[in-house]
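The structure appears below as structure tokens.
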Amino acid sequence: MSLGLFRDRFPIKDAGRFEAKYWLPRDGGKVKCILCPQGCEIGEGEAGKCLVRINEGGKLWAASYGKVAAVNIDPIEKKPLFHFYPGHYILSVGGVGCNLSCKFCQNWELVEGLAGVKFLPPQELAELAVKFKSQKNIGVAFTYNEPTIWFEYIVDTARILKEIDLNMKVVMVTNGYISAKPLEELSDYVDAMNIDLKFAKEELYKQISDAYLKPVLSTIKRAWELYKSKGRPFFELTYLIITGVNDTKEEFEKLTDFVAEIDSNIPLHISRFFPHFLMSDRDPTPEKVLFQAYEIAKKKLKFVYIGNIWGNKGEHTYCPSCGEIVISRFGFSTRLIGIKDGMCKKCGEKIFGVFIEENVESNGKILKVIF
Ligand code: SF4
């Protein structure tokens, strides 16, 4: 959840006019939110842990509906998604608040609401995405802060976006802390996700993020079942290695085994930590730790990446059969050099993901900062 360190400056103060989904009435005018596993019991006039779902008049309201804090057109690689329309862009929006309270939050100014918000209705957001389609924009990504707490806004925007153009895509960059039913509902609209798996140990989730590991693992397993049965959501995983916190060989092995048991095709991004927020006293992840984790994961998974070190061998996509580089990268700049019709040009192996063209190139720069 937002830590609420700057509560007096948090821009969401009133309940607004959009009723929330996924809540139950409780005695004495209280409500229980069941959107995420935090399961907050919320008294009259109060907000849940995420600070953006407010009880007013014995009803729960999605108080941050449509209130955006950042809008950019980013390379899809920045989410990170490396196997979903690589070389393309996505209109990326973020709001305020979060249902976790990570002490290393990389977007804490946004999450804590320091940036301020403005109202962007779903129709306008959808139209904005379509406007940039000719510049390789594939849709809308809900990102930067935790999108689960924007549930109603995502569903409404996705409906409108797909009514305007069925080919436009919806993406979420999420911590995976969502209840089973809303996840299932989202799978009708959300085409792809990047899900953060923050720790392999239960106690670290509690100590550092005020959450539990099990619900995140359940989300990943369930998302895979939904993907296999409905073709949505396609997803990739991210594991941020924090110096001295989640950087042991045992944790990498545990994490790799968990992913491999679901499917060895699931791409895993091992990401470098830089000192931030309440963990500013830590050193950046040593490169050798990242490469050690990479080698462990590569033994069991087909697609492993190292993020936040530009120009390393762990940025490219290699064919899992012949080892040829099929997509080369430097930072977010991308070239689809060895892939045709979703297959390795050299040996014909099918590469897991969605690739619509060959010879796509992008320079990896943000196309536009809108807000
Ligand atoms: S979405 Fe917010 S209010 Fe609802 S259970 Fe999660 S943290 Fe609590």
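Treat the numbers as computed from the prediction; the structure is a model and nothing was measured. Atoms within each ligand, like the ligands themselves, are counted from 1 in listed order. For reference, positions follow the sequence shown, starting with 1.
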At less than 4.0 angstrom from any non-hydrogen atom of [X], what atoms of ligand 1 do you find?
{"X": "Gly48", "result": "3 (S)"}
{"X": "Asn99", "result": "7 (S)"}
{"X": "Cys33", "result": "1 (S), 3 (S), 4 (Fe), 5 (S)"}
{"X": "Cys40", "result": "3 (S), 5 (S), 7 (S), 8 (Fe)"}
{"X": "Gly39", "result": "5 (S)"}

Practice task
Run through Glu152, Glu41, Glu19 and flag the one making a salt bridge (charged side-chain N to carboxylate O under 4.0 Å, His left out) with Arg53.
Solution key: Glu152
Exercise for the section: Could you tell me whether Arg282 sits above the aromatic face of Phe104, with NZ or CZ closer than 6.0 angstrom to the six-membered ring centre and within 45 degrees of the axis? Expected result: no
Exercise for the section: Assign the ring pair Tyr85 / His88 to parallel, tilted or perpendicular, where the plane angle (0 to 90°) is split at 30° and 60°. Expected result: perpendicular
Practice task
May I ask you to check whether Cys36 brings an N, O or S atom to under 2.8 Å from atom 6 (Fe) of ligand 1?
Solution key: yes
Problem - Derivation and outcome, side chain to side chain contact (heavy atoms under 4.5 Å, CB included), residues Phe151 and Leu186 - result: CA-CA 8 Å; Phe151 183 89; Leu186 282 177; 3.5 Å; yes
Exercise for the section: Answer yes when Glu253 and Lys249 have at least one side-chain N-carboxylate O distance shorter than 4.0 Å, and no when they do not. Expected result: yes
